[in-house]
Asker: 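Sharing a structure below in structure tokens format, with a few things to ask.
Residues: numbered from 1 along the sequence shown. Remember, it's a predicted structure, so these values are computed and weren't measured experimentally.
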Amino acid sequence: MLSRIAESLFWIGRYVERADDTARILDVHIQMLSEDPWAEEELACRSLLTVMDRPMPDDGTPVDRWFVMRDLAYDSAVPSSIAGALIAARENARRAREIISTELWECLNTTRNQAGGSIRLAGPHDYFAWARERAAIVAGLMDSATSRDSTWAFMMLGRSIERADMTARLITTQTRLGASGPGWSTLLRSCGAYESYLRAYRGLASDERAASFLLLDRLFPRSIVHALETADSVLRDLEPAVARRGIADEARREIGIVRNRLEYRPLEDVLADLPEEMEQVQLACSRASDAVKAKYFPSATAATMWVGEAL
């Protein structure tokens with residue numbers, strides 16, 4: 001497979017997952033501001049922009065929920081926004097048109113057209129639900145209509161790295177806001193994890209159990225450990241041969257170090273340093289992404305370099 005095609009597939013997985021997870025994070029944020037009349041809106045919005053690595057306005061522009069919506073939901077020129085990520089996914093699909101299925105291409109093309117259409121006039125909740133629905137359709141087509149070859153592997157690798165990074169950001173929003181934040185049960189619902197969590201713990205809910213579920217549960221697809229394990233498995237399958245000593249792949253090393261750091265430390269220690277731990281997860285995902293790019297996309301031309309970005 002050409003490196004430019006592999007890179008496009010990798011970023012399709014990342015951008016679709018980014019749109020999905022950004023919609024989930026924003027849905028929690030807007031709901032929290034709407035339900036709590038005493039919430040410090042500007043403080044919460046600035047904290048969210050910091051978590052999402054977005055610049056703060058320095059011209060006196062009020063940073064409120066509508067500023068956040070424009071910046072992280074509707075701005076099609078910003079790849080970290082919902083609309084921008086979906087448009088970028090479609091552009092990467094165009095570059096890999098001869099590889100991906102017709103159904104996947106038509107889904108991404110339709111999503112791109114809708115992102116710039118009347119859906120922008122919908123309320124925030126309806127817009128977020130639309131973004132999650134379109135991402136779910138893309139994920140379903142990846143899983144049901146793509147052979148388990150390198151095409152699927154690079155899309156899944158991108159999705160898994162992005163998912164671990166974005167789940168860490170979602171958890172960071174709660175730890176930064178503390179008692180004024182949305183609460184762990186709200187975070188679980190935003191990830192579609194609430195029912196699975198209740199089944200896992202037989203209905204015995206607590207903040208500690210909820211945090212450990214999103215961090216460490218090996219069976220729930222949106223937990224950080226599950227996403228990191230999936231990325232490691234894909235990278236292992238992509239290797240032409242197994243190294244006789246240690247781990248030769250730099251991306252696997254970065255993922256393995258941060259995963260073991262989460263799994264083998266006592267849970268109370270992880271929760272005591274949760275912001276630091278989530279920052280380490282994000283840094284590891286960024287370094288793993290850079291390592292994947294250096295190994296598999298070294299000959300990517302300048303015309304396709306726009307798909308990469310600092311995380």
Asker: Using the test side chain to side chain contact (heavy atoms under 4.5 Å, CB included), find all partners of Ala284 that sit at least two apart in sequence or belong to another chain.
Answerer: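 Partners of Ala284 by the side chain to side chain contact (heavy atoms under 4.5 Å, CB included) criterion, ordered by chain and then number, come out as Val258, Arg287.
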Asker: For the backbone of Gly256 and the side chain of Asn260, can you confirm whether one donor and one acceptor N or O come within less than 3.5 Å of each other?
Answerer: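 Judged by distance alone, yes, a pair lies under 3.5 Å.
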Asker: Restricting to side chain to side chain contact (heavy atoms under 4.5 Å, CB included), what partner residues turn up for Ala23, sequence neighbours left out?
Answerer: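 Here the qualifying residues are Ile82, Phe128, Ala131, Arg132.
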Asker: Looking at every non-hydrogen atom in both residues, tell me the closest pair between Cys285 and Ala164 and how far apart they are.
Answerer: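 Scanning both residues, the minimum pair turns out to be SG-CB, 3.9 Å.
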Asker: Using salt bridge (Lys or Arg N to Asp or Glu O under 4.0 Å) as the criterion, list what pairs up with Glu41, not counting sequence neighbours.
Answerer: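 By the salt bridge (Lys or Arg N to Asp or Glu O under 4.0 Å) rule, Glu41 matches Arg65.
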Asker: Apply side chain to side chain contact (heavy atoms under 4.5 Å, CB included) to Asp58 and list each qualifying residue two or more places apart in sequence or on a separate chain.
Answerer: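 By the side chain to side chain contact (heavy atoms under 4.5 Å, CB included) rule, Asp58 matches no residue at all.
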Asker: Kindly indicate, with the supporting measurements, whether the criterion side-chain hydrogen bond (donor to acceptor under 3.5 Å, both in side chains) is fulfilled by Ser289 and Arg14.
Answerer: CA-CA 10 Å; Ser289 181; Arg14 291 207 67 167; 2.9 Å; yes
Asker: Taking Thr110 for its side chain and Glu106 for its backbone only, find out whether a donor-acceptor pair lies under 3.5 Å.
Answerer: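 Side chain of Thr110 to backbone of Glu106: a pair is present.
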Asker: Roughly how far, to the nearest 0.5 Å, is CG of Leu72 from CE of Met69?
Answerer: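 The CE atom of Met69 sits 9.5 Å away from the CG atom of Leu72.
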Asker: Is it the case that Arg134 and Thr111 place a side-chain donor and acceptor less than 3.5 Å from each other?
Answerer: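 Yes, side-chain donor-acceptor contact under 3.5 Å.
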Asker: Would a 4.5 Å heavy-atom cut-off, applied to side chains only, mark Glu277 and Ile171 as touching?
Answerer: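 A side-chain contact under 4.5 Å is absent here.
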Asker: With sequence neighbours left out, which residue pairs that include part of residues 114-130 fulfil the side chain to side chain donor-acceptor pair (under 3.5 Å) condition?
Answerer: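 Checked against side chain to side chain donor-acceptor pair (under 3.5 Å) - neighbours excluded - the pairs reaching residues 114-130 are Gln114-Trp130.
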Asker: Once rounded to the nearest 0.5 Å, what's the spacing between atom CE of Met32 and atom CG of Leu187?
Answerer: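 Between atom CE of Met32 and atom CG of Leu187 there are 10.0 Å.
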Asker: Do Asn92 side-chain atoms and Ala88 backbone N/O form a donor-acceptor pair below 3.5 Å?
Answerer: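 Yes, the answer is positive, given that a donor and an acceptor are paired below the 3.5 Å cut-off.
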Asker: Identify every side-chain donor-acceptor pair in residues 211-225 under 3.5 Å, counting partners at least two apart or on other chains, and give the distances.
Answerer:
unit_1 : atom_1 : unit_2 : atom_2 : d
Ser212 : OG     : Tyr201 : OH     : 3.1
Ser212 : OG     : Glu208 : O      : 3.4
Ser212 : OG     : Arg209 : O      : 2.8
Asp217 : OD1    : Leu219 : N      : 2.9
Asp217 : OD1    : Phe220 : N      : 2.8
Arg218 : NE     : Glu229 : OE2    : 3.4
Arg218 : NE     : Glu263 : OE2    : 3.0
Arg218 : NH2    : Glu263 : OE2    : 2.5
Arg222 : NH1    : Glu17  : OE2    : 3.0
Arg222 : NH1    : Asp21  : OD1    : 2.8
Arg222 : NH2    : Asp20  : OD2    : 2.6
Ser223 : OG     : Asp217 : O      : 2.4
Ser223 : OG     : Phe220 : O      : 3.2
Ser223 : OG     : His226 : N      : 3.1

Asker: Are Arg94 and Glu91 close enough for a salt bridge, meaning some N to O gap below 4.0 Å?
Answerer: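 Glu91 and Arg94: salt-bridged.
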Asker: Taking atom CD as the centre, does Glu103 end up with more than 12 heavy-atom neighbours from other residues, nucleotides or ligands that are less than 6.0 angstrom away?
Answerer: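 No, the 6.0 Å shell around CD holds no more than 12 heavy atoms from other groups.
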Asker: Can you list the residues that meet the side chain to side chain contact (heavy atoms under 4.5 Å, CB included) rule with Ser147, with sequence neighbours excluded?
Answerer: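 Scan of Ser147 (side chain to side chain contact (heavy atoms under 4.5 Å, CB included), adjacent residues dropped) gives Asp149.
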Asker: Let's go through Arg252 and Glu239 carefully: what are the C-alpha distance in whole Å and the side-chain angles of both, what is the deciding distance for salt bridge (charged side-chain N to carboxylate O under 4.0 Å, His left out) to 0.1 Å, and is it a yes or a no?
Answerer: CA-CA 10 Å; Arg252 285 191 66 196; Glu239 289 183 13; 3.5 Å; yes
Asker: Donor-acceptor pair, distance only, cut-off 3.5 Å: does the side chain of Arg163 make one with the backbone of Ala227?
Answerer: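 No; judged by distance alone, with no hydrogens or angles, the pair does not exist.
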Asker: Can you name the salt bridge (Lys or Arg N to Asp or Glu O under 4.0 Å) partners of Asp273, sequence neighbours left out?
Answerer: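 With neighbours one apart ignored, the set is Arg265.
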Asker: Got Ser196 and Leu188 here, is their nearest side-chain heavy-atom distance under 4.5 Å?
Answerer: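 No; the side chains remain at least 4.5 Å from each other.
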Asker: For a 4.5 angstrom cut-off between non-hydrogen side-chain atoms, does Leu228 reach Ile161?
Answerer: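 The answer is no; the side chains never approach within 4.5 Å.
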Asker: Around Arg148, counting heavy atoms of other residues, nucleotides and ligands shown, do more than 12 lie under 6.0 Å from its CZ?
Answerer: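 Yes.
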Asker: Going through the distances and angles, do Leu33 and Cys45 end up as a side-chain contact (heavy atoms from CB on, under 4.5 Å)?
Answerer: CA-CA 9 Å; Leu33 292 178; Cys45 291; 4.0 Å; yes
Asker: Measure the CE-CG distance between Met278 and Leu170 for me, rounded to the nearest 0.5 Å.
Answerer: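 So the CE of Met278 and the CG of Leu170 are separated by 11.0 Å.
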Asker: Between atom CZ of Arg24 and atom CZ of Arg189, what is the distance when rounded to the nearest 0.5 Å?
Answerer: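 The CZ atom of Arg24 sits 14.0 Å away from the CZ atom of Arg189.
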Asker: Within this structure, what is the OG1-CG distance for the pair Thr22 and Leu26, rounded to the nearest 0.5 Å?
Answerer: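 Atom-to-atom, Thr22:OG1 and Leu26:CG are 6.5 Å apart.
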Asker: What pairs with Glu42 under side chain to side chain donor-acceptor pair (under 3.5 Å), at least two apart in sequence or on another chain?
Answerer: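 Applying side chain to side chain donor-acceptor pair (under 3.5 Å) to Glu42 gives Arg46.
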Asker: Quick one: list whatever passes salt bridge (Lys or Arg N to Asp or Glu O under 4.0 Å) with Arg70, sequence neighbours left out.
Answerer: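 Expected list: none.
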Asker: Kindly indicate, with the supporting measurements, whether the criterion side-chain contact (heavy atoms from CB on, under 4.5 Å) is fulfilled by Arg90 and Asn113.
Answerer: CA-CA 10 Å; Arg90 185 265 186 190; Asn113 293 335; 6.0 Å; no
Asker: Tell me the closest heavy-atom pair linking Ala44 and His29, and the distance in Å.
Answerer: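 For Ala44 and His29, the tightest heavy-atom pair comes out as O-CE1, 3.5 Å.
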Asker: May I ask you to test the Ser190-Asp27 pair for a side-chain heavy-atom distance under 4.5 Å?
Answerer: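 In short, these two side chains do not touch, never coming nearer than 4.5 Å.
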Asker: Quick one: does Ile100's side chain get under 4.5 Å of Leu141's, heavy atoms only?
Answerer: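 SC-SC contact between Ile100 and Leu141 ruled out.
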Asker: When you compare the side chain of Asp143 with that of Trp152, does any pair of heavy atoms fall below 4.5 Å?
Answerer: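 With C-beta onward as the side chain, the pair touches.
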Asker: Can you measure from OG1 (Thr172) to CE (Met52) and round to the nearest 0.5 angstrom?
Answerer: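 One finds 10.5 Å between OG1 of Thr172 and CE of Met52.
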Asker: Taking a hydrophobic cluster as the set of Ile, Leu, Val, Met, Phe, Trp and Tyr residues connected by side-chain heavy atoms closer than 4.5 Å, whether directly or through intermediates, do Leu2 and Ile99 fall within one such cluster?
Answerer: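 Yes: a chain of side-chain contacts under 4.5 Å links Leu2 to Ile99.
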Asker: For Arg97, which residues count as a salt bridge (Lys or Arg N to Asp or Glu O under 4.0 Å) partner, sequence neighbours excluded?
Answerer: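 Partners of Arg97 by the salt bridge (Lys or Arg N to Asp or Glu O under 4.0 Å) criterion come out as none, since no residue qualifies.
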Asker: Considering only heavy atoms from C-beta outward, does the side chain of Val292 approach that of Leu235 to under 4.5 Å?
Answerer: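 Counting from C-beta outward, Val292 and Leu235 do come under 4.5 Å.
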Asker: Main chain of Leu43, side chain of Ser47: is a donor-acceptor contact present, judged purely on distance under 3.5 Å?
Answerer: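 Side chain of Ser47 to backbone of Leu43: no pair is present.
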Asker: Below 4.5 Å, heavy atoms only, C-beta onward: do Lys293 and Pro298 meet side chain to side chain?
Answerer: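 Of all side-chain heavy-atom pairs linking Pro298 with Lys293, none is under 4.5 Å.
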Asker: By side chain to side chain donor-acceptor pair (under 3.5 Å), which residues pair with Arg253, not counting sequence neighbours?
Answerer: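 With sequence neighbours excluded, Arg253 shows a side chain to side chain donor-acceptor pair (under 3.5 Å) to Glu250, given in chain and number order.
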Asker: Does the separation of the ring centres of Phe10 and Phe297 fall below 6.0 angstrom?
Answerer: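 Between Phe10 and Phe297, the centre distance is under 6.0 Å.
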Asker: If you apply the rule side-chain contact (heavy atoms from CB on, under 4.5 Å), what do you find for Ser233 with Thr230, and how did you get there?
Answerer: CA-CA 5 Å; Ser233 176; Thr230 302; 5.7 Å; no
Asker: Could you walk me through whether Arg261 and Ile257 pass the side-chain contact (heavy atoms from CB on, under 4.5 Å) test, one step at a time?
Answerer: CA-CA 6 Å; Arg261 180 184 174 97; Ile257 289 172; 5.5 Å; no
Asker: Which atom pair, heavy atoms only, marks the closest approach of Ala73 to Ser81?
Answerer: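 The answer is N-CB, 4.0 Å.
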